[in-house]
Amino acid sequence: MPYAKIAGTGGYLPPRVVSNDDLAAELATRGVETSDEWITERTGIRQRHIAGPDVKTSMLATEAAKIAMADAGVGPTDIDLLIVATSTPDVIFPSTACLVQAQLGIRQGAAFDVQAVCSGFVYALTTADAFIQAGRARTALVIGAEIFSSILDWDDRRTCVLFGDGAGAVVLKAADEPGILAAELHADGSQQGILCANGRIEAGQVVGDPFVRMDGQAVFKMAVNALSKSAHDVCRSAGVGLADVDWMVPHQANVRILNFLGKKLGIPTEKIVITLDQHANTSAASVPLALDVARRDGRIKKGDVVLMQGVGGGFTWGSVLARM
Ligand SMILES: CC(C)(COP(=O)(O)OP(=O)(O)OC[C@H]1O[C@@H](n2cnc3c(N)ncnc32)[C@H](O)[C@@H]1OP(=O)(O)O)[C@@H](O)C(=O)NCCC(=O)NCCS
């Protein structure tokens, strides 16, 4: 049975940077009060990238994918599985994965989307790992991409300051040695109400509330508890101690969540990759973007053990433990 190994990574952010001060000034024109001080202190976020009005999720995904493919030394004819994790697809259908496939000139293999909100990338990576282990694919492109700004209510300061747009990608290849050491996924649909966007299209109209709504404190507690248990479980199933984890690459929602998590797991802050200060929460894109940043700046090296974790709407969560 082949193993799956990360062979390349890439990230792409839309060029427009909106600082907390910029955002506070923009929101003030709508009568919404916030400040750099509040956002920084409560979340650790300092800025986010926001896509222009004509930019679509597939475009960000394609740019990140090109970089990951170049990094892995693979071309369009090598990819036999393409998965995009997103909650902000370009259109109802076809899937964003099919749109990306066309933009990259890939003509073979399966392409589909995974919808697990901020856990989407971890879900997609676990799925690709299973395809490769089962011999159903040899070179998978796994992308997390979002234009979350398109589903934010700019009059709701409890949510609109938290998110940003972007895309991250990895190339996962069949290999003789692991690679992905273990993975585990969870969902608890009974908690759907704490983080949701409940609108839908019906008879050509948007019905219900299409914006992100969140019970911040419930999400906070659930995230810390779910991720700490998941970290223990995934390490146990790989036979790896938490002390052997070189880098933690968690979903980037709130620096306070990450500090709590690190403390609970005994993982020092210096081993936790943090990009939320620069990117804010990019939902399904946050983990592959952070992975790419830490590989490119030389922190994550070949052979390092990396714990990736996702958590988000659904409620969903999960972990992937990988040797780079
Ligand atoms: C959202 C979050 C930052 C809010 O922080 P908090 O410390 O729980 O703050 P609260 O919601 O209790 O709000 C405290 C006060 O700040 C106010 N407030 C909320 N957002 C604000 C903003 N952007 N600017 C200024 N004030 C704000 C609230 O109205 C409240 O004021 P009140 O006491 O007068 O009603 C925090 O709960 C969180 O990060 N939760 C997890 C969110 C998350 O990770 N989501 C994504 C998961 S994938």
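Counting starts at 1 for both ligands and their atoms, in listed order.
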*asked:* Tell me whether Leu227 shares a hydrophobic cluster with Ile194, the cluster being built from Ile, Leu, Val, Met, Phe, Trp, Tyr side chains joined at under 4.5 Å.
replied: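 Leu227 and Ile194: one cluster.
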Answer yes or no: does an N/O atom from [X] fall short of 3.5 Å to an N/O atom of ligand 1?
X      : result
Thr34  : yes
Ile39  : no
Asn281 : no

Would you mind listing which atoms of ligand 1 come within a distance below 4.0 Å of any non-hydrogen atom of [X]?
X      : result
Asn254 : 3 (C), 38 (C), 39 (O)
Gln217 : 8 (O), 10 (P), 12 (O), 37 (O)
Val311 : 48 (S)
Thr43  : 3 (C)
Arg42  : 6 (P), 7 (O), 9 (O), 14 (C)
His251 : 48 (S)
Val161 : 23 (N)
Cys118 : 48 (S)

Quick one: nearest non-hydrogen protein atom to [atom], plus distance?
atom                    : value
atom 40 (N) of ligand 1 : Gly216 O, 2.9 Å
atom 45 (N) of ligand 1 : Met214 SD, 3.1 Å
atom 44 (O) of ligand 1 : Ala253 CB, 3.2 Å
atom 20 (N) of ligand 1 : Trp38 CH2, 3.3 Å
atom 47 (C) of ligand 1 : Val219 CG1, 3.5 Å

When you check the gap from the basic side-chain N to the acidic O, do [X] and [Y] get nearer than 4.0 Å?
X      : Y      : value
Arg136 : Asp80  : no
Asp71  : Arg295 : yes
Arg30  : Asp155 : yes
Glu177 : Lys5   : yes
Glu41  : Arg46  : no

*The one among Gln252, Glu37, Arg157, Arg256 that brings a heavy atom closest to atom 17 (C) of ligand 1*: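 Residue with the shortest heavy-atom distance to the ligand atom: Arg157.
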*Take atom NZ in Lys271; do more than 12 heavy atoms of anything else shown fall under 6.0 Å from it?*
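Yes - once you tally the heavy atoms of other residues, nucleotides and ligands closer than 6.0 Å, there are more than 12.
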*Return yes when atom CG of Asp176 has more than 12 non-hydrogen atoms of other residues, nucleotides or ligands closer than 6.0 Å, and no otherwise.*
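No.
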*Note, Lys301 side chain near Asp246 side chain (heavy atom, < 4.5 Å)*: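 Side chain of Lys301 against side chain of Asp246, heavy atoms only: no contact under 4.5 Å found.
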Quick check on [atom] - does any protein heavy atom sit closer than 4.0 Å to it?
atom                    : result
atom 8 (O) of ligand 1  : yes
atom 34 (O) of ligand 1 : no
atom 12 (O) of ligand 1 : yes

*Which residues share a side-chain contact (heavy atoms from CB on, under 4.5 Å) with Ala174, sequence neighbours left out*: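 If we apply the side-chain contact (heavy atoms from CB on, under 4.5 Å) test to Ala174, skipping adjacent residues, the hits are Pro2, Ile132, Arg138.
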_Between Asp156 and Thr159, a side-chain donor and acceptor under 3.5 Å_ =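 Looking only at side-chain atoms, Thr159 and Asp156 do form a donor-acceptor pair, the distance falling under 3.5 Å.
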Which atom pairs, one a donor and one an acceptor, fall under 3.5 Å between side chains of residues 317-324 and the rest of the protein, sequence neighbours left out?
unit_1: Ser319; atom_1: OG; unit_2: Ser230; atom_2: OG; d: 2.6
unit_1: Ser319; atom_1: OG; unit_2: Gln309; atom_2: NE2; d: 2.8
unit_1: Arg323; atom_1: NH1; unit_2: Gly303; atom_2: O; d: 3.1

